[in-house]
Amino acid sequence: MAKDRPDRAPKPDLVSRDYTIHLSKLVHKTTFKKKAPRAIKAIRQFAQRAMGTKDVRIDTKLNKHIWATGVRKTPTRVRVRLSRKRNEDEEADEKLYTLAQLVEVSSFKGLQTENVDAA
């Protein structure tokens with residue numbers, strides 16, 4: 001049996017973080033015509049795991065960036081800002097959702113996950 005853990009501090013509801021997602025690793029050995037859709041699904045799955053919400057919304061700029069070179073040639077890596085936000089719809093199943101936005105960088109060298117201040 002698991003021991004009772006001491007009370008943990010609750011996670012902050014609204015938080016934004018920058019992540020680098022290695023897309024080529026996630027769409028490796030995928031049929032040419034399914035690479036871009038699989039990349040979008042991989043970003044969605046990554047955001048669900050990182051932020052703990054089922055509802056993940058992909059920004060249009062991020063979607064266009066993935067699809068910019070066509071269905072077959074997706075970017076190798078992508079820098080993404082994941083923001084956990086409150087759901088405005090009262091009838092929604094979950095009270096929080098995650099918004100995935102593109103962060104344009106010149107190089108991916110030395111980048112780590114960073115908390116972003118929503119200021």
Side-chain angles (χ1 to χ4, degrees):
M1 296 282 212
K3 294 182 179 179
D4 291 330
R5 294 180 183 253
D7 290 334
R8 291 185 183 180
K11 288 183 183 177
D13 275 355
L14 310 177
V15 67
S16 295
R17 293 190 197 105
D18 285 354
Y19 292 95
T20 301
I21 303 175
H22 192 113
L23 284 178
S24 64
K25 178 172 73 172
L26 300 174
V27 298
H28 182 62
K29 289 193 173 180
T30 303
T31 307
F32 270 159
K33 297 295 184 178
K34 296 182 181 176
K35 281 202 182 228
R38 182 72 55 93
I40 297 293
K41 288 174 187 154
I43 292 171
R44 206 176 287 276
Q45 189 177 32
F46 180 90
Q48 284 178 357
R49 270 189 266 129
M51 289 298 190
T53 62
K54 292 263 191 238
D55 187 6
V56 176
R57 302 173 190 180
I58 308 270
D59 189 45
T60 54
K61 283 186 182 178
L62 177 59
N63 191 40
K64 284 183 188 290
H65 181 73
I66 300 296
W67 282 88
T69 51
V71 70
R72 292 166 40 153
K73 183 70 177 107
T74 57
T76 306
R77 286 181 176 84
V78 67
R79 187 79 171 164
V80 174
R81 176 165 296 149
L82 298 180
S83 306
R84 195 182 309 139
K85 300 188 174 203
R86 285 196 203 289
N87 211 339
E88 301 296 326
D89 188 17
E90 287 83 27
E91 296 136 20
D93 294 339
E94 293 194 23
K95 62 179 184 173
L96 298 172
Y97 71 92
T98 302
L99 178 64
Q101 297 173 305
L102 176 68
V103 178
E104 299 200 11
V105 292
S106 57
S107 172
F108 292 99
K109 301 284 186 189
L111 291 177
Q112 294 184 339
T113 301
E114 298 175 350
N115 286 324
V116 179
D117 295 330

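As the structure is a prediction and not an experimental result, all values here were calculated from the model. Along the sequence shown, the residues carry numbers beginning at 1. In what follows, every heavy atom counts, from backbone to side chain, and hydrogens, waters and symmetry copies are set aside.
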Participant: According to side-chain contact (heavy atoms from CB on, under 4.5 Å), who are the partners of Thr76, at least two apart in sequence or on a separate chain?
Facilitator: Ser24
Participant: Kindly give the heavy-atom pair with the smallest separation between Ala50 and Leu82, and that separation in Å.
Facilitator: CB-CD1, 4.1 Å
Participant: Shortest non-hydrogen contact from Leu23 to Pro75?
Facilitator: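 Heavy-atom minimum between the residues: CB-O, 3.5 Å.
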Participant: For residues 25-45, tabulate all N or O donor-acceptor pairs below 3.5 Å that involve a side-chain atom, not counting sequence neighbours.
Facilitator:
from, atom 1, to, atom 2, distance (Å)
Thr30, OG1, Val27, O, 2.8
Arg44, NH1, Val56, O, 2.6

Participant: How would you list, by chain and number, every residue that makes a side-chain hydrogen bond (donor to acceptor under 3.5 Å, both in side chains) with Arg86, sequence neighbours excluded?
Facilitator: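 Checked Arg86 against side-chain hydrogen bond (donor to acceptor under 3.5 Å, both in side chains); matches are Asp13.
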Participant: Only counting residues at least two apart or in another chain, list the ones meeting salt bridge (charged side-chain N to carboxylate O under 4.0 Å, His left out) with Arg77.
Facilitator: none
Participant: Do any pairs count as a salt bridge (charged side-chain N to carboxylate O under 4.0 Å, His left out) and have a residue in residues 49-69, sequence neighbours left out, and if so which ones?
Facilitator: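 Qualifying pairs, neighbours excluded: Asp55-Arg57.
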Participant: Write out all pairs satisfying side chain to side chain donor-acceptor pair (under 3.5 Å) with one or both partners inside residues 89-116, taking only residues at least two apart or from two chains.
Facilitator: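 Side chain to side chain donor-acceptor pair (under 3.5 Å) check on residues 89-116 returns Arg17-Asn115, Thr53-Thr98.
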Participant: Give me the other members of the hydrophobic cluster that Val105 sits in, counting Ile, Leu, Val, Met, Phe, Trp and Tyr linked by side-chain heavy atoms under 4.5 Å, directly or via other members.
Facilitator: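 When side chains under 4.5 Å apart are linked, the cluster holding Val105 also contains Val103, Phe108, Leu111.
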Participant: Do Val15 and Leu96 share a hydrophobic cluster, counting only Ile, Leu, Val, Met, Phe, Trp and Tyr and linking them when any side-chain heavy atoms are less than 4.5 Å apart?
Facilitator: no
Participant: Given the rule that I, L, V, M, F, W and Y join up when any side-chain heavy atoms are under 4.5 Å apart, are Leu99 and Leu62 in one cluster?
Facilitator: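 No.
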Participant: For Arg84 and Leu14, run side chain to side chain contact (heavy atoms under 4.5 Å, CB included): C-alpha distance rounded to whole Å, both residues' side-chain angles, the deciding distance at 0.1 Å, then the answer.
Facilitator: CA-CA 5 Å; Arg84 195 182 309 139; Leu14 310 177; 5.7 Å; no
Participant: On a heavy-atom basis, which atom in Asn87 and which in Ala92 lie closest, and how many Å separate them?
Facilitator: ND2-CB, 3.2 Å
Participant: Tell me the ring-ring contact (aromatic ring centres under 6.0 Å, His included) pairs involving residues 47-76, sequence neighbours left out?
Facilitator: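 Every pair satisfying ring-ring contact (aromatic ring centres under 6.0 Å, His included) with a residue in residues 47-76: there are none.
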